[in-house]
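By convention in this document, chain letters (A, B, ...) are assigned in the order of the sequence lines, proteins followed by strands, and residues within each chain are numbered from 1.
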Amino acid sequence: MTNEVFSVLDDDGNVLHPEHEPTIAPEDLLRIYRGMLLVRLMDERMLRLQRQGRLGFYMTSTGEEATHFGGAYPLRDSDWIFPSYREPGAAFWRGYGLREFICQLMGNAEDPIKGRQMPVHHSVRRINYVSISSPVGTQIPQAVGVAHAAKIRKRDDVALVYFGEGGTSTGAFHVALNFAGVFKLPVIFFCRNNGWAISTARERQTAARTFAAKAVAYGLPGVRVDGNDVLAIVSVMNQALARARGGAGATLIEAVTYRRGAHSSSDDPSVYRDPSEPKKWEHHDPIGRFQRYLERRGLMTAQLQKQLQEEIGGQITAALKSAEAVPGKPPIETMFADVFAHVPPHLLEQLEQLQQAPRSESTHH
Amino acid sequence: MTNEVFSVLDDDGNVLHPEHEPTIAPEDLLRIYRGMLLVRLMDERMLRLQRQGRLGFYMTSTGEEATHFGGAYPLRDSDWIFPSYREPGAAFWRGYGLREFICQLMGNAEDPIKGRQMPVHHSVRRINYVSISSPVGTQIPQAVGVAHAAKIRKRDDVALVYFGEGGTSTGAFHVALNFAGVFKLPVIFFCRNNGWAISTARERQTAARTFAAKAVAYGLPGVRVDGNDVLAIVSVMNQALARARGGAGATLIEAVTYRRGAHSSSDDPSVYRDPSEPKKWEHHDPIGRFQRYLERRGLMTAQLQKQLQEEIGGQITAALKSAEAVPGKPPIETMFADVFAHVPPHLLEQLEQLQQAPRSESTHH
Amino acid sequence: MPVMNMIQAVNDALKLEMRRDDRVVVLGEDIGKFGGVFRATSGLYEEFGADRVIDTPLAEAGIIGSAIGMALYGLRPVPEIQFADFIYPAYDQIVNELAKFRYRSGGQYAAPVVIRTPYGGGIRGGHYHSQSPEAYFVHTPGLKVVIPSNPYDAKGLLLSAIRDEDPILFMEPKRIYRAARGEVPEDDYTVPLGKAHLVRAGTQVTVLAYGAMLHVVGEATEKLVEQGLDPEVIDLRTLLPLDTETVIESVKKTGRAVVVHEAPRTCGFGAELSALIMEKAFLHLEAPVARVTGFDTPFPYTLENEYLPDAARIADAIRRTVEY
Amino acid sequence: MPVMNMIQAVNDALKLEMRRDDRVVVLGEDIGKFGGVFRATSGLYEEFGADRVIDTPLAEAGIIGSAIGMALYGLRPVPEIQFADFIYPAYDQIVNELAKFRYRSGGQYAAPVVIRTPYGGGIRGGHYHSQSPEAYFVHTPGLKVVIPSNPYDAKGLLLSAIRDEDPILFMEPKRIYRAARGEVPEDDYTVPLGKAHLVRAGTQVTVLAYGAMLHVVGEATEKLVEQGLDPEVIDLRTLLPLDTETVIESVKKTGRAVVVHEAPRTCGFGAELSALIMEKAFLHLEAPVARVTGFDTPFPYTLENEYLPDAARIADAIRRTVEY
Ligand SMILES: Cc1ncc(C[n+]2csc(CCOP(=O)(O)OP(=O)(O)O)c2C)c(N)n1
Ligand SMILES: Cc1ncc(C[n+]2csc(CCOP(=O)(O)OP(=O)(O)O)c2C)c(N)n1
Ligand SMILES: [Mg+2]
Ligand SMILES: [Mg+2]
């Protein structure tokens with residue numbers, strides 16, 4: 001088990017290891033770039049919205065965008081993604097709409113999940129992007145179950161599950177990786193080590209030298225990859241996918257990156273970390289690096305970049321407008337639907353009680 | 001991390017590594033031998049009792065006795081032991097009485113824990129032998145808490161916690177070792193790898209090459225020791241204790257042994273394992289090996305051995321007689337005591353209701 | 001018709017459904033080669049193989065967590081928790097994940113997992129092999145809770161449960177695993193969820209129970225009937241969704257009710273039944289709804305028989321309620 | 001007397017007790033340097049240092065499991081679970097270990113751990129930042145459950161809790177963490193556990209509530225009083241052990257009762273109160289005990305205000321009960 005972090009690009013976008021440079025079609029390279037830019041711009045806009053009181057809550061991924069696309073790009077559409085709350089790019093990559101995304105944040109009448117969860121808890125079944133829940137780590141054994149089912153059904157689908165380094169401290173992480181090892185399951189454990197779990201520094205999370213090292217405890221390979229280098233991530237993902245589809249089992253990937261923003265819109269990092277730390281990481285910005293790489297390859301120009309920015313900005317504005325134009329909240333019937341496949345008598349009765357009850361001003365329907 | 005299992009003695013009791021042979025006073029060597037013999041004979045007798053229907057349930061440690069004494073002997077009396085259900089020897093070593101032991105098994109009026117738990121769930125506070133519970137693994141984070149408290153109070157007490165290899169699959173194991181690593185706590189994790197968790201073979205428990213290897217995930221040293229060689233166990237325990245008291249933190253010990261008997265008196269191993277397997281392990285019997293070692297050192301003779309057997313047998317018989325002579329069960333008041341420090345009104349009321357209620361024949365007081 | 005005990009009925013249902021529907025898999029500790037510590041899954045490993053009869057490592061959170069994933073993928077997992085007392089390591093997966101998946105995803109995802117687990121006292125198991133945690137799950141929106149009291153229902157309810165679209169706690173009263181015997185059709189049949197069963201029609205008082213307590217209630221009412229009383233006895237079978245109509249109609253008729261369960265009294269399911277009856281049949285009540293339950297202590301070992309509701313305590317409560 | 005909000009009162013109690021008793025330590029996620037996501041522990045790290053104010057890894061089972069060990073050793077740990085919604089990974093340690101330690105060891109060992117956790121809705125937290133799981137713990141023999149509704153009680157009850165010999169769930173209604181303000185003595189005082197508080201004496205109906213609901217009940221009763229009704233309002237403060245005497249005496253006087261809580265209705269604490277009142281005051285009841293509660297669904301996000309009992313629903317239930 002080594003401490004070394006695998007990179008393909010340096011901070012200037014030079015290829016360090018041509019032999020490891022994944023072969024990606026130019027149009028895909030541009031789609032990946034565009035996706036990372038979208039996440040960056042969406043985060044800026046939504047955070048501003050939240051500050052203005054137009055959104056209840058938000059979480060940004062600034063500086064970690066490469067993990068979204070480096071993880072999602074190498075997958076087949078039939079593969080499953082179990083995200084945490086910090087990988088919206090993986091959904092955009094598979095076609096999650098900007099308007100749907102914003103409607104979820106607003107929990108409005110067109111929220112795909114009917115206003116049931118807080119902002120950033122997306123669920124997009126049509127693209128195998130599984131419902132996000134707040135409890136840290138719970139998705140990890142579930143992804144293992146999907147991989148187990150795929151193996152039982154003799155299909156070669158793979159499950160990719162994201163979690164932060166804080167998630168490795170949960171019991172769920174342990175039982176999940178142990179099952180994956182014992183049953184040799186086609187699952188990829190993607191640990192975004194962004195250095196912080198709210199105010200808790202990485203050193204306080206574990207005394208293990210690396211998070212990748214934890215793979216040993218389950219008889220799995222563990223790799224450390226530069227989480228701000230999308231090409232490096234694609235390359236280790238390709239290896240993990242080959243292993244998984246080849247029946248050799250699971251892989252634990254530790255993507256070393258950094259949470260440049262606050263944990264969430266409710267958080268204030270200045271209380272617990274030195275502002276120079278996030279500053280430092282700006283020099284390893286995953287988008288900037290990749291952009292310089294594309295420029296070197298003649299695929300990107302300052303002008304094209306500017307054009308993309310404007311285009312994406314325009315799309316966000318349009319989606320936001322349209323989402324904010326959605327009238328009203330989900331109807332109160334939705335509060336009692338989907339608890340079960342069919343609404344049982346006691347919930348029908350409670351719905352009626354609510355419909356007949358007088359309401360305080362604050363809560364008129 | 002190595003696969004190698006550390007031994008001091010070979011099966012004939014020859015010293016393989018004189019440099020590792022711990023220095024133990026002859027009278028202690030004999031006490032250890034006597035203790036292992038006591039556990040062996042007690043198990044035989046209690047299992048027979050259970051078969052005769054005079055005990056509701058029992059669990060034996062046959063073949064694993066060295067782990068009880070190798071773990072307990074090197075400790076100070078002020079150190080804490082968190083046992084599972086398969087280390088009664090560690091309690092005997094510290095002075096748990098045969099009669100108390102049997103009264104607990106019977107849950108009679110003199111059961112030290114007032115008939116509250118199934119047989120083999122002992123609790124002996126005066127010797128820091130902590131209350132045993134059935135759920136596998138729960139004691140591990142508790143032992144870590146004791147070690148944490150000792151460190152906070154700046155005392156050099158150490159916590160020793162026993163669990164089977166099946167226990168390493170629980171979330172409790174994971175969070176416990178992770179806390180111990182992060183806080184550098186004086187705790188020793190003693191994994192009795194006896195090959196089986198009821199019907200589940202060691203290979204089905206984890207894909208890790210060894211259980212000791214799991215220490216890496218927590219930044220802890222992990223050692224594999226011959227679980228049937230009490231001297232080897234004492235020697236690795238001494239190192240772990242030095243580490244712990246020296247402030248260097250925790251150690252994970254994997255004692256490689258074998259569960260020769262059934263999981264419990266309710267179990268029938270013939271359904272799931274080849275009878276030749278336990279047979280094979282009889283050749284590595286921890287008592288036989290240690291006996292031959294003592295003979296070589298001139299501390300044991302066939303005659304002394306026979307004498308010890310008879311002496312212990314007599315003590316068990318006497319304790320059993322006296323325990324079986326205890327009249328009746330704990331009074332029904334005990335059912336409502338110790339739920340809280342003081343019996344609250346609703347429990348007093350329930351006690352009265354029970355006292356006034358008519359009882360079916362089966363349950364007259 | 002063959003006579004079976006509860007274990008055989010459960011085993012028969014699993015075999016039947018695994019033959020009928022290849023999406024059904026079972027997983028848990030010691031359930032494969034060994035056939036389960038209570039033998040409920042015996043023979044399944046031999047017939048359906050290691051792919052569908054899965055011996056897991058010792059981790060309830062892993063069992064339920066991966067069962068959820070299997071269900072999301074389209075399988076019909078029927079995990080076993082060896083004893084209900086050991087279900088708590090999986091509690092987060094059950095109450096925060098399994099129960100909420102359909103709701104939180106706006107109906108996109110469903111996790112039809114049927115968790116089988118032996119529960120209850122009467123086997124001298126002390127407080128880690130005797131618990132009755134049903135109320136924890138009844139209080140958790142999104143879960144159904146089913147408890148059979150006899151072999152016929154055990155098979156029919158389990159088949160309904162596995163074919164249901166919702167996550168279900170299927171709690172098996174281990175105390176009567178072998179003691180409860182009865183005729184069970186060999187072929188496929190279901191007993192509907194959400195429907196109580198009228199065990200004895202009566203006029204003076206409604207006795208509500210489920211699981212092993214039905215048999216103790218039977219003992220009690222038998223004596224009372226000999227003495228000329230006329231109790232009505234209802235086996236709830238499904239705790240959630242509850243067959244409120246049957247319960248309330250009965251109480252409106254009798255004007256009296258006694259609720260029986262093994263679990264501790266405070267905030268037990270009996271509290272819900274009592275509150276519900278008051279809300280829906282207040283003007284018919286001629287006596288307070290009586291609760292005969294386990295006491296508010298951990299489950300004891302030696303005094304198990306004192307802890308558990310027995311025929312005498314139940315008969316006494318029924319008589320007092322009738323004479324109130 | 002200084003005016004404090006709930007957070008300040010909790011913080012003040014922790015500071016005071018940590019100064020008074022060096023066995024008291026606090027541990028949890030983000031509670032140290034950061035002072036807790038709700039700032040309840042702010043300043044403690046600076047005053048008492050890393051030994052007694054312990055930032056832990058992200059593992060509730062580790063937090064509670066090690067807190068149990070610390071208590072066994074003689075410390076007085078006060079762990080924080082960041083949100084009650086995240087307490088379930090520690091559920092096994094709480095219900096199978098913490099709650100049973102004294103009992104199962106025949107009284108040899110005690111684990112006086114006070115688990116502080118913010119709970120309840122009203123902060124637009126959706127179903128993983130709004131839950132009210134008190135009934136799970138009330139149903140678990142061996143645990144005490146305490147819920148303050150104002151800063152004065154928060155400090156006095158927390159001091160009593162930390163000095164108590166038993167394990168306690170101390171649930172803090174986060175919705176009123178800042179909204180609820182009041183005079184709080186700077187010095188040491190306690191509010192006894194197991195004693196309810198008469199908020200308003202009345203004659204027509206007894207309204208039982210706890211936590212944030214007290215304030216909504218206040219809104220409701222204010223209007224009703226203007227309209228000439230005379231409700232009695234009781235703040236339970238301790239759910240277990242319950243101050244049954246105060247509750248029953250009041251209902252015997254008024255003959256009517258309304259129970260209010262945020263948690264789902266089925267098997268919620270309201271069910272226990274309703275059942276208890278029927279058992280102990282049946283002949284005094286002139287109306288069925290009414291329950292105004294959260295609905296039996298996971299806690300929604302957008303429709304939070306529809307989900308939570310509001311003044312109008314509570315007033316309506318009180319009026320119907322009085323007019324029954
Ligand atoms: C079981 C659980 N405990 C606590 C929380 C509160 N919480 C939300 S996010 C978070 C930190 C997660 O850090 P990490 O896993 O590193 O992910 P990151 O936020 O860095 O992406 C915590 C403690 C939670 N959501 N779930
Ligand atoms: C959480 C939990 N799950 C299941 C059980 C049932 N059970 C009791 S012992 C046991 C096997 C334990 O094996 P191991 O940890 O290797 O200890 P050993 O019995 O071999 O000493 C199981 C599954 C339990 N007691 N607790
Ligand atoms: Mg992180
Ligand atoms: Mg074992």
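Salt-bridge annotation for C:E97 and C:R104: present, with a side-chain N of the basic residue lying under 4.0 Å from a carboxylate O of the acidic one. For the pair C:R102 and C:D166, the salt-bridge criterion is met [side-chain N within less than 4.0 Å of a carboxylate O]. With respect to A:R192 and A:E87, a salt bridge is recorded, a charged nitrogen being found less than 4.0 Å from a carboxylate O. Comment: C:D235 does not engage C:R237 in a salt bridge, judged by the lack of any side-chain N to carboxylate O separation of less than 4.0 angstrom. Ion pairing between a basic and an acidic side chain is recognised when a charged N comes within 4.0 Å of a carboxylate O; A:R245 and A:D79 show such pairing. With respect to the salt-bridge test (charged N to carboxylate O, under 4.0 angstrom), the residues C:E232 and C:K253 qualify. For C:D22 and A:R153, the salt-bridge test passes: some basic side-chain N is under 4.0 Å from an acidic carboxylate O.
Neither the backbone nor the side chain of C:K100 has a heavy atom closer than 4.5 Å to any heavy atom of chain A. With a threshold of 4.5 angstrom between heavy atoms, C:T244 does not approach chain A through any atom at all. Heavy atoms of A:V339 lying under 4.5 Å from chain C belong to its backbone as well as its side chain. Using a 4.5 Å cut-off between heavy atoms, C:L240 contacts chain A through its side chain alone, with no backbone atom that close. Using a 4.5 Å cut-off between heavy atoms, A:V124 contacts chain C through its backbone alone, with no side-chain atom that close. Proximity to chain A is absent for every atom of C:D164, based on heavy atoms less than 4.5 angstrom apart. Contact annotation for C:A61: both backbone and side-chain heavy atoms come within less than 4.5 Å of a heavy atom of chain A. Heavy atoms closer than 4.5 Å to chain C are found nowhere in A:Q104, neither backbone nor side chain. Heavy-atom distances place the backbone of C:D55, and not its side chain, under 4.5 Å from chain A. Residue C:Q108 touches chain A through both its backbone and its side chain, counting heavy-atom pairs closer than 4.5 Å. For a residue to count as touching a neighbouring chain, one of its non-hydrogen atoms must lie under 4.5 Å from one of that chain's; by this rule C:I68 touches chain A with the side chain only. For C:I54, the part lying under 4.5 angstrom from a heavy atom of chain A is the side chain only.
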> Hey, mind stepping through A:F183 and A:H148 against ring pair (Phe, Tyr, Trp, His ring centres under 6.0 Å) and telling me if it holds?
Replying inline: CA-CA 8 Å; A:F183 297 111; A:H148 205 149; 4.6 Å; yes
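Remark: A:R125 is not positioned above the aromatic ring of A:Y129, lacking an NZ or CZ atom under 6.0 angstrom from the ring centre and at most 45 degrees off the axis.
Note: A:A150 leads A:A143, A:P112, A:A150 in heavy-atom pairs under 4.5 Å with chain C. Comparing A:H121, A:Q139, A:M335 by how many heavy-atom pairs each has under 4.5 Å with chain C, the most go to A:M335. Your options are A:R126, A:Q142, A:R155, and the one with the most heavy-atom pairs under 4.5 Å with chain C is A:Q142. When each of A:I152, A:V175, A:T138 is checked for heavy-atom pairs under 4.5 Å with chain C, A:T138 comes out on top. Most heavy-atom pairs under 4.5 Å with chain C, from the set A:P330, A:S131, A:G115: that is A:S131. Contact count versus chain C (heavy atoms, under 4.5 Å) is highest, among A:T334, A:V144, A:N178, A:I132, for A:I132. Chain A forms the most heavy-atom pairs under 4.5 Å with one residue out of C:A67, C:P89, C:G142, and that residue is C:G142.
With hydrogens and angles disregarded, no donor-acceptor distance shorter than 3.5 Å links the side chain of A:S84 to the backbone of A:F163. Between the side chain of C:E165 and the backbone N or O of A:F340, no donor-acceptor pair lies under 3.5 Å.
Using cut-offs of 30° and 60° on the angle between ring planes, the pair A:Y96 and A:H122 is perpendicular.
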